[in-house]
Amino acid sequence: MSPTPNSYGSWVSPVTAEALAGAQIGFGGLHNFDSRLHWTENVPAAGGAVGVFRLCASGEATRVVPDGANVRTRVHEYGGAPYALVADIVYYVELTDQRLYRLKPGGTPEPLTPAGFRYADFTPRVAPDGSVTALVCVREDHSDPAEVRNTLVSIPLPTGGAGEVLYSDSDFVAHPRISPDGKQLAFITWNHPHMPWDATEVRLAELGERGAGAVRTIAGGEGESVLEPAWDADGTLYFISDRSGFWNLYAWRGETAQVVWPRAADFAYPLWQLGQASYALLGNGRAVTRFCEGGIDKLALIDLGRGTGRVLDLPYVRYALLTRIDDHHVAALAGSAREPDAIVRINVDTGQTHVLRQAGRALLDPDEVSIAMPIDFPSAGGRTAHAFYYAPVNSRFRAPQDELPPLLTLVHGGPTVQASPGYSSAVQFWTSRGFAVVDVNYGGSSGFGRAYRQELEGNWGVVDVEDVIAAARYLVRTGRVDPKRTAIRGGSAGGYTVLVALSTSDAFCAGADYFGISDMTALARDTHKFESRYIDSLIGPLPQAQAIYDSRSPLNHLDGFKVPLIVFQGADDPVVPPNQSERIVEALRARGAPVAYLLYPGESHGFRKPETVISSLQAELSFYGQVFGFVPADRLPPLIIENIKPSAGR
């Protein structure tokens, strides 16, 4: 059947907003408890609530917490590691009150901790007789909202309580892990103004009947980020450090730390969420680790004693949440280029894989998926930046011969995270309608070493903006996209880049800002503890850098907004409060600039409710159709763009 002629943007796609919202299942917290895999999974039908699931012997997944439970911790606001299992007892943090609950088989949830505290990142403390006497974890004390305190605590079992403080001498703590003999506690710490990808320390504390004592630092410090300590059965402590310029795996055997398998690649992600697991110790002198080269993940099997490694030949391009199953198998969250993420069982000796649980159904046939093409391109100051380019793909349609596709430039958040070439229904939503998409790993992104990550230090709002502009202009220059239909889209830190790019350049013809930052000074004043000093490194400390804050705040560059902007915001966002969006929208309205604004009650930082995902995608598609002059094939609710001229962008 011959393709139907139709303009880019107007193609009919099976990736509808409704299908995408129903397919957006996210996995987390993958663990092997008592030889059974467990994980967290959001349930779109339950409004995005998160449950704990278990893999049964039959291969089916069953929910092990009540249907009404929402298992999410708000430690650092971004959460992570919200549950643990001890035998058949599930301990989990409930989103609504942040208390730790105990759930026995066949029972009802019992609260173990008082209100006013948040908990995450649990590790059991085992007595010599094998019984579990406590849960050691991160506690965030919000009993005084003006002075949030982060500590390591031990919650006694079965009685519960607020927790006995084991360590409280740093602004932040993470990754508490107890040695096999139960005598030492390893953990990482960091202090303001640093973030965990800037400067952290691995510390050891002696554990005794009366708690923790004799704390010492064994790795890390200024200019070094150390992450993910883990004890092997022989008492060796492993961790990841970027002292070489890349996050690599190191072994500490009581004297000094030695790199295990040196490589110019990043073996870890920035610690935005607690509980990340970038490697798994097999317990037989081997480990499996993910590493990232050129923005693409690979998996390697390492001989820990010899320091040799073998890259596994697997059909995936991103990995996370590695966990040991047995001496020869691991489970991981893996993403391929053509199918949604999945929890996968991997035989590390043969390379055989088996999908255990997929993150929703594939919305496209594999041949209809637009595959990421890595591109490197020149940017300002002689720098080279990186991105993944997706061409429009839909075999049922072809565009007129003289037409080029509109371009959607994606700006990831963080700003220290990274764009991945793994399958994304959100990307395919656009490519299957006839958009070209470029997902930019601008300077400051992870996955390319510490030096690339540090390019944003003091330069937020400069380097990121230069690189997204350079990506768009590179694709225009190489004849792949329509220069009169270029859009930019981003959320949070990416939303900030969108606003700066629109207010300081003419590279884009439209923009979509999801809960982005418009006023840097207000953000420094209003945001939560975890990120309250982040801008010190990205821009500079206050009040010394006040002039730079002012110059890099889009709210102070209203004259620069010449093209239509659509803004999306969660009403309950504690990370980027609604006033950041409301102030820029109100100012643009007052100036008669073309703008649309959608505020979603009950949504936080990142949209979880299916109805919100549907509404925002449909509104964004309608927005581009109006601005770029095409008629979407979808039946869309009306969207009013204030102050838009009938001929704008057409």
Side-chain angles (χ1 to χ4, degrees), residues 24-43 49-57 59-65 69-73 75 78-86 88 90-93 120-124 135 137-138 174-177 227-230 238 240 267-269 271-283 287-291 297 299 312 314 316-336 339-348 353-360 420 422:
Q24 282 196 326
I25 297 173
F27 296 128
L30 181 63
H31 295 288
N32 186 16
F33 292 111
D34 294 331
S35 300
R36 289 177 294 179
L37 285 175
H38 295 75
W39 64 89
T40 60
E41 179 177 319
N42 73 294
V43 183
V50 178
V52 177
F53 288 77
R54 172 187 297 146
L55 187 69
C56 300
E60 296 296 315
T62 60
R63 187 182 174 104
V64 296
V65 295
N70 195 353
V71 184
R72 283 176 55 200
T73 175
V75 171
Y78 295 100
Y83 79 103
L85 270 84
V86 176
D88 285 331
V90 184
Y91 297 88
Y92 69 91
V93 176
D121 212 355
F122 304 93
T123 189
L135 290 176
C137 64
V138 175
H175 290 305
R177 302 294 182 262
L227 300 167
E228 300 188 44
Y238 291 89
I240 294 174
F267 285 53
Y269 295 106
L271 187 64
W272 281 100
Q273 285 194 316
L274 296 171
Q276 69 181 31
S278 303
Y279 65 100
L281 300 170
L282 297 179
V288 176
T289 181
R290 56 82 61 180
F291 63 95
D297 282 0
L299 213 61
L312 304 181
L314 301 173
Y316 300 103
V317 293
R318 64 182 173 205
Y319 299 92
L321 304 176
L322 273 70
T323 189
R324 176 186 182 274
I325 295 177
D326 55 41
D327 287 0
H328 305 282
H329 298 85
V330 297
L333 178 60
S336 73
E339 295 182 334
D341 287 357
I343 297 174
V344 178
R345 175 187 173 101
I346 303 168
N347 184 315
V348 300
T353 63
H354 178 65
V355 173
L356 303 174
R357 181 80 160 173
Q358 197 146 35
S420 162

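Since this is a predicted model, take the numbers as computed values, not measurements. In what follows, every heavy atom counts, from backbone to side chain, and hydrogens, waters and symmetry copies are set aside.
- Contact detail for Ala81 and Gly275: the closest heavy-atom pair is CB-CA, 3.9 Å.
- Residues that satisfy the salt bridge (charged side-chain N to carboxylate O under 4.0 Å, His left out) test with Arg72, not counting sequence neighbours, are absent from this structure.
- A donor-acceptor contact shorter than 3.5 Å is absent between the side chain of Asn347 and the backbone of His329.
- Nearest heavy atoms, Leu281 versus Ala287: CD2-CB, 3.9 Å.
- Between Thr73 and Leu274, the closest side-chain pair of non-hydrogen atoms is not below 4.5 Å.
- Taking all atoms of both residues into account, the shortest heavy-atom contact from Thr289 to Ser278 is OG1-O, 3.4 Å.
- Checked by atom type and distance alone, the side chain of Asp297 pairs as donor or acceptor with a backbone atom of Tyr319 at under 3.5 Å.
- Here the side chains of Leu37 and Arg345 are not in contact, with every heavy-atom distance at 4.5 Å or above.
- One finds the CG atom of Leu333 at 11.5 Å from the CG atom of Leu356 (value rounded to the nearest 0.5 Å).
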Legend entry - Residue pair Leu135, Val86: steps toward the side-chain contact (heavy atoms from CB on, under 4.5 Å) verdict: CA-CA 9 Å; Leu135 290 176; Val86 176; 4.2 Å; yes

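- Contact of the Leu299 side chain with the Leu322 side chain is registered, since non-hydrogen atoms from C-beta on lie closer than 4.5 Å.
- Taking 4.5 Å as the limit, some side-chain heavy atom of Phe122 sits within range of a side-chain heavy atom of Val93.
- Here the side chain of His328 pairs no donor or acceptor atom with the backbone of Asp326 at under 3.5 angstrom.
- Relative orientation of the Phe33 and Tyr83 rings is perpendicular, given thresholds of 30° and 60° on the angle between their planes.
- We find the CG-CZ distance between Leu321 and Arg290 to be 11.0 Å, quoted to the nearest 0.5 Å.
- If you take CD1 on Ile325 and OG on Ser35, they are separated by 10.0 Å, rounding to the nearest 0.5 Å.
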Legend entry - Derivation and outcome, side-chain contact (heavy atoms from CB on, under 4.5 Å), residues Val90 and Leu85: CA-CA 5 Å; Val90 184; Leu85 270 84; 4.0 Å; yes

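- Summarising the geometry, atom NE2 belonging to His38 is positioned 9.0 Å from atom CG belonging to Asn32; distances are rounded to the nearest 0.5 Å.
- Panel note: side chain Gln358, backbone Pro340; a donor-acceptor pair is recorded below 3.5 Å.
- Under the side-chain contact (heavy atoms from CB on, under 4.5 Å) criterion, Arg324 pairs with Leu282, Asp327, sequence neighbours left out.
- A cation-pi contact links Arg357 to Phe53, judged by a cut-off of 6.0 Å to the six-membered ring centre and 45° from its axis.
- Contact of the Asp88 side chain with the Arg36 side chain is registered, since non-hydrogen atoms from C-beta on lie closer than 4.5 Å.
- Counting only heavy atoms from C-beta outward, the side chains of Tyr316 and Thr353 approach each other to under 4.5 Å.
- At a threshold of 4.0 Å, the pair Asp121-Arg177 counts as salt-bridged, since one of the basic side-chain nitrogens sits closer than that to a carboxylate oxygen.
- Of the possible donor and acceptor atoms, none in the side chain of Thr323 sits under 3.5 Å from a partner among the backbone N and O of His31.
- The closest donor-acceptor contact from the side chain of Asn42 to the backbone of Gly26 lies under 3.5 Å.
- In this structure, Val138 and Pro176 approach most closely via the heavy-atom pair CG2-CD, 4.2 Å.
- For the residue pair Ala120 and Val75, the shortest heavy atom distance occurs at CB-CG2, 3.9 Å.
- In this structure a side-chain-to-backbone donor-acceptor pair under 3.5 Å is present from Tyr279 to Glu228.
- Considering only heavy atoms from C-beta on, Thr123 stays 4.5 Å or farther from Cys137 through its side chain.
- In this structure, the separation between CH2 on Trp39 and CD1 on Ile343 is 5.0 Å, given to the nearest 0.5 Å.
- Of all heavy-atom pairs between Cys56 and Thr62, the closest is SG-CG2, 3.4 Å.
- Counting only heavy atoms from C-beta outward, the side chains of Leu227 and Tyr269 never approach each other to under 4.5 Å.
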